[in-house]
Amino acid sequence: MQQRIDARAKVLDLLKDRTWRMNNLYWVQDETGRAVQFVMNDAQRKLWDDIHYLNTILKARQLGFSTLVAMFILDTCLFREGTSAGIIDATVDDAKLKLGKIRFAYERLPDQIKAGIPILTDNAQEIKFGNGSSVKVGTSHRGGTLQILHVSEFGKISAQYPDKAREIKTGAFGTIHAGQMIFVESTA
């Protein structure tokens with residue numbers, strides 16, 4: 001009986017450590033489509049170690065920054081109730097792919113976590129959790145308040161869709177207040 005209590009206390013202590021959660025709880029698809037445990041690579045770890053409220057990521061292909069941010073959003077939504085997150089990409093389909101990363105990781109969580117924080121709404125553009133947290137995706141975001149905003153391919157959006165870029169700057173960035181987090185990433 002005492003061993004079971006000790007084991008439970010150890011698990012609860014590990015779950016308090018965000019870095020441990022990020023490298024042990026979540027599963028993603030690798031380049032071949034196989035489910036693999038998410039473990040930060042060197043580039044992701046550098047971003048993680050230097051994370052700030054306002055994060056600009058000049059990315060190269062296949063370093064996994066979008067995946068890291070998706071896992072960060074999921075982790076925050078699960079372990080900080082009432083979190084509202086938004087993901088913006090050049091197209092709705094691209095944004096949906098990022099929401100798919102979150103859904104994929106959630107589906108592979110231990111059953112105890114899923115039972116404690118169930119998904120209440122799950123559709124192509126939004127996931128709402130039982131703790132009041134949610135993630136919405138699209139090509140812009142206006143209205144409401146977000147605690148986390150991920151804007152992917154902002155350079156591409158700015159070059160190809162200048163009106164959309166202006167909408168992101170005037171609308172989406174305005175939903176983030178001091179102390180909340182923005183990730184803006186784009187290839188050069």
Side-chain angles (χ1 to χ4, degrees), residues 8-29 35 37-38 40 44 47-48 51-55 57 65-89 92-152 167-185:
R8 181 184 165 114
K10 182 178 179 179
V11 168
L12 291 174
D13 279 343
L14 288 172
L15 288 174
K16 292 176 187 175
D17 181 345
R18 179 174 238 177
T19 301
W20 183 89
R21 293 192 313 258
M22 290 290 292
N23 285 294
N24 290 278
L25 274 187
Y26 305 113
W27 289 74
V28 296
Q29 287 182 296
Q37 186 175 20
F38 177 75
M40 288 182 224
Q44 292 165 331
L47 174 60
W48 183 257
I51 204 162
H52 192 267
Y53 297 109
L54 305 173
N55 300 280
I57 306 164
F65 290 121
S66 293
T67 300
L68 174 68
V69 175
M71 295 308 100
F72 176 82
I73 288 171
L74 175 59
D75 187 78
T76 305
C77 284
L78 294 175
F79 289 91
R80 194 173 81 193
E81 64 184 36
T83 295
S84 294
I87 300 172
I88 295 173
D89 212 322
V92 172
D93 287 340
D94 289 338
K96 288 177 185 178
L97 290 174
K98 289 172 180 60
L99 189 63
K101 290 175 186 271
I102 291 170
R103 184 179 293 109
F104 186 91
Y106 178 87
E107 290 169 352
R108 285 153 183 79
L109 284 170
D111 290 337
Q112 300 89 330
I113 293 175
K114 291 188 294 187
I117 310 165
I119 289 179
L120 303 180
T121 301
D122 186 1
N123 59 53
Q125 293 182 289
E126 181 178 32
I127 296 175
K128 287 186 180 179
F129 299 95
N131 66 355
S133 294
S134 63
V135 184
K136 290 183 183 180
V137 302
T139 58
S140 187
H141 185 88
R142 187 174 281 279
T145 301
L146 297 176
Q147 285 73 52
I148 304 170
L149 175 63
H150 177 203
V151 181
S152 186
E167 172 67 17
I168 291 168
K169 287 191 283 186
T170 62
F173 289 161
T175 67
I176 299 289
H177 295 276
Q180 306 309 316
M181 300 193 80
I182 297 176
F183 296 88
V184 177
E185 63 169 319

[Y] and [X], any side-chain heavy atoms less than 4.5 Å apart:
X: F173; Y: V151; answer: yes
X: I119; Y: K128; answer: no
X: S66; Y: H150; answer: yes
X: V137; Y: D94; answer: no
X: I176; Y: Y53; answer: no
X: Q180; Y: T145; answer: no
X: I127; Y: I102; answer: yes
X: T83; Y: I73; answer: no

Inspect the surroundings of [atom1] in [X] and state if more than 12 heavy atoms from other residues, nucleotides or ligands are less than 6.0 Å away.
X: N123; atom1: CG; answer: yes
X: K136; atom1: NZ; answer: no
X: E81; atom1: CD; answer: no

> Where do F65 and F183 land on the ring pair (Phe, Tyr, Trp, His ring centres under 6.0 Å) test, with the steps shown first?
Replying inline: CA-CA 10 Å; F65 290 121; F183 296 88; over 10 Å; no

If you compare all heavy atoms of [X] against all heavy atoms of [Y], which two are closest, and at what distance to 0.1 Å?
X: M181; Y: H52; value: CE-O, 2.9 Å
X: C77; Y: A85; value: SG-CB, 4.4 Å
X: I168; Y: I88; value: CD1-CG2, 3.7 Å
X: V92; Y: Q125; value: CG1-NE2, 3.3 Å

>> Using a 6.0 Å distance limit plus a 45 degree cone around the ring axis, check whether R108 lies over the aromatic ring of Y26.
In response: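 Checked: cation-pi criterion not met.
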
Would you say [X]'s side chain and [Y]'s backbone share a donor-acceptor pair under 3.5 angstrom?
X: S133; Y: G82; value: yes
X: H141; Y: G143; value: yes
X: N23; Y: W20; value: no
X: N131; Y: F79; value: no
X: Q37; Y: N24; value: yes

> Which residues satisfy the salt bridge (Lys or Arg N to Asp or Glu O under 4.0 Å) test with R18, sequence neighbours excluded?
Replying inline: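 Per chain and number, R18 pairs via salt bridge (Lys or Arg N to Asp or Glu O under 4.0 Å) with D75.
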
> In this structure, which one of Q29, K98, K101 forms a side-chain hydrogen bond (donor to acceptor under 3.5 Å, both in side chains) with T67?
Replying inline: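 With T67 as partner, Q29, K98, K101 yield a single side-chain hydrogen bond (donor to acceptor under 3.5 Å, both in side chains), made by K101.
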
> Would you call the rings of W48 and F72 parallel, tilted or perpendicular, where under 30° means parallel and over 60° means perpendicular?
Replying inline: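 W48 and F72: perpendicular rings.
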
